[in-house]
Amino acid sequence: MDALESKKYEAFVVGGCVRDSMMGKQPSDWDICTSAKPEQVKAALCDHRIIETGIKHGTVTVLTDDGSYEVTTYRTESSYSDHRHPDKVEFTPYLLADLARRDFTVNAMAYNKRLGLVDWFGGKKDLQAKVIKCVGDPNERFKEDALRILRALRFAATYGFTIDEETYIAARSNKALLQKISAERISSELTKLLCGKYAYAVLKNYSEIVTEVLPELKPCIGFEQNSLYHDCDVYEHIIRSVAVYDGHWPVIKWALLLHDIGKPACYTEDETGGHFRGHELIGAEMAKSILERLRFDNESKAAVVQLVREHNRHIEPNRASVQKLMSELGEEQTRRLLKVRRADQTAHAEGTRHLYKVDRLEAIVNGIIKDEACFQIKDLDIDGHDLMVLGIPEGPQIGTIMKKLLNDVIFGEAENRKSALLERAKEYLRRN
Ligand code: ATP
Ligand code: MG
């Protein structure tokens, strides 16, 4: 910023980093805005390596010894006929115009050490009042770029803010425009929302907007469970469970949001109350199609779907059963599954939360890892080559026998020792 100012340009830190600093939080990155055009930025900062990140939009990334900074020329954005991209981006010499294009008052403040805080839209006041409010007319701002609707919810969920009434009314009346926004942008905002410390209040109070992008949740709202285990409807149970898990695995947040999504579709009732038999399987199918629609990466999608499908799986609290589970799911997914279960149980009615069972299972997992007990094929004292030496041809038979051997070791029928395993493999061969 000093380098830019020494060439008589203006330079400010702007947006999220100013907001976060004023809240006493460490910003995730520092964005700089300047009156200098990109070529002028490059000339003024020629001592540094510069990457032309988005030069058409005025952004270059400057690499320094203590990190990289995005430097963006002041700009205005013209009309948005597609409700997501400006038709034209134009540079402007005025900081005011650059701040006016930003989404919320708390995101529209700038700072430099010469002028201090620049706050033309009342961002500081709104930050203190913990309010998310659009810069300018909310209706127009959401029509320009409907993603801002979800950004409002995301900031409310991460900072515990409420959404200003006029802003919320406009968000609600423009929510259908979210259909024009790319799946990747939507899922990225939703993930941040779910991981927010205050997600519960947002999912509860702004469910009308959440269900615009996740319509499959709509039937869960108000769906009574008629069950001893529950003192609330399906949606309330879901969002309580999301709130209970306070770790950092987005996959778990998503699994919790979707774990009971199949319930309304399979409800039955008898003299003992309501039942949701098979909701895990229907839920897993629904989760798969939701995450495909949201263009999740394959790995996260598979992990979430598996957690939804397995969330009610019966697990005997003994080593062999847990080793078996870990051989199927792997250590990480097993741990996630237990976290899902803990949150799910905690969101059950008081007196029906079987947390001691989860504690026990977690202790067993820890014991297995500590003792380096065998739970996957690669933990066996032999490998595929050893079997090939026995004359088994390369191919699926090797995998089948390795799986059998693993099973035998887990259930104590064979010792995890090379000679013992080879003997047993020979026996399987003879039997075939
Ligand atoms: P984070 O902590 O997630 O980085 P952020 O507010 O910095 O939050 P960014 O997406 O990094 O969010 O955007 C930086 C700044 O750019 C915002 O603070 C805001 O001023 C502006 N901005 C970002 N997205 C939009 C948008 N869709 N519409 C208007 N202004 C936006
Ligand atoms: Mg940022």
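Atoms within each ligand, like the ligands themselves, are counted from 1 in listed order.
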Exercise. Just one of Asp231, Asp233, Asp344 clears the salt bridge (charged side-chain N to carboxylate O under 4.0 Å, His left out) bar with Arg240, so which one?
Worked result: Asp231

For this session: Please report which non-hydrogen protein atom sits nearest to atom 11 (O) of ligand 1, along with the residue it belongs to and the distance in Å to one decimal place.
Result: Asp31 OD2, 4.3 Å

For this session: Test His259 against every option in His237, Glu310, Arg309, Glu280 by the side-chain hydrogen bond (donor to acceptor under 3.5 Å, both in side chains) rule and name the one that passes.
Result: His237

For this session: Flag yes if more than 12 heavy atoms outside Arg293 fall under 6.0 Å of its CZ atom; otherwise flag no.
Result: yes

Exercise. Would one find more than 12 heavy atoms of other residues, nucleotides or ligands at under 6.0 Å from atom CG of Asp65?
Worked result: no

For this session: Just go through Val14, Asp103, Leu99 and tell me whose heavy atom is the nearest to atom 19 (C) of ligand 1.
Result: Asp103

For this session: Ignoring angles and geometry beyond distance, decide whether Asp145 reaches within less than 3.5 Å of ligand 1 through its nitrogen or oxygen atoms.
Result: yes

Exercise. Taking non-hydrogen atoms only, is Phe142 closer than 4.0 angstrom to ligand 1 via side chain, backbone, both or neither?
Worked result: neither

Exercise. Which residue holds the protein heavy atom closest to atom 12 (O) of ligand 1, what is that atom called, and what is the gap in Å?
Worked result: Arg151 NH2, 3.5 Å

Exercise. Is ligand 1 less than 4.0 angstrom away from at least one heavy atom of Arg101?
Worked result: yes

For this session: Quick one: look up the protein heavy atom nearest atom 5 (P) of ligand 1 and list residue, atom name and how far away it is.
Result: Arg19 NH1, 3.8 Å

Problem set entry | Minimum-distance protein heavy atom relative to atom 18 (O) of ligand 1 | Gly16 N, 3.1 Å

Exercise. Just checking, is any N or O donor in the side chain of Gln225 or Lys263 under 3.5 Å from an acceptor N or O on the other one?
Worked result: yes

Exercise. Taking both backbone and side-chain atoms of Arg154, is any N or O found less than 3.5 Å from an N or O belonging to ligand 1?
Worked result: yes

For this session: Check whether any heavy atom of Phe104 sits under 4.0 Å from an atom of ligand 1.
Result: no

Exercise. What do you reckon, are the aromatic ring centroids of Phe104 and Phe121 less than 6.0 Å apart?
Worked result: no

Problem set entry | Proximal ligand 1 atoms for Gly15, defined as those under 4.0 Å from one of its heavy atoms | 18 (O)

For this session: Quick one: look at Arg148 and ligand 1, take heavy-atom pairs under 4.0 Å, and tell me if it's side chain, backbone, both or neither.
Result: side chain

For this session: For Ser68 and Thr61, test the side chains for any donor-to-acceptor distance below 3.5 angstrom and give the result as yes or no.
Result: no

Exercise. Would you say Arg185 and ligand 1 have an N/O pair spaced under 3.5 Å apart?
Worked result: no

Problem set entry | Under 3.5 Å side-chain donor-acceptor pair for Asn205 and Tyr200 | no

For this session: Identify the protein heavy atom lying closest to atom 4 (O) of ligand 1, giving its residue, its atom name and the separation to 0.1 Å.
Result: Ser28 OG, 3.9 Å

Exercise. Which residue supplies the protein heavy atom nearest to atom 21 (C) of ligand 1, what is that atom called, and how far is it?
Worked result: Arg102 NH1, 3.7 Å

Problem set entry | Sidechain-backbone polar pair: Tyr74 side chain, Ala36 backbone, donor-acceptor under 3.5 Å | no

Problem set entry | Shortest non-hydrogen separation from Ile55 to Glu52 and the atoms involved | CD1-CD, 3.4 Å

Exercise. Should you measure from each heavy atom of Asn107, which atoms of ligand 1 turn up under 4.0 Å away?
Worked result: 6 (O), 18 (O), 19 (C), 20 (O)

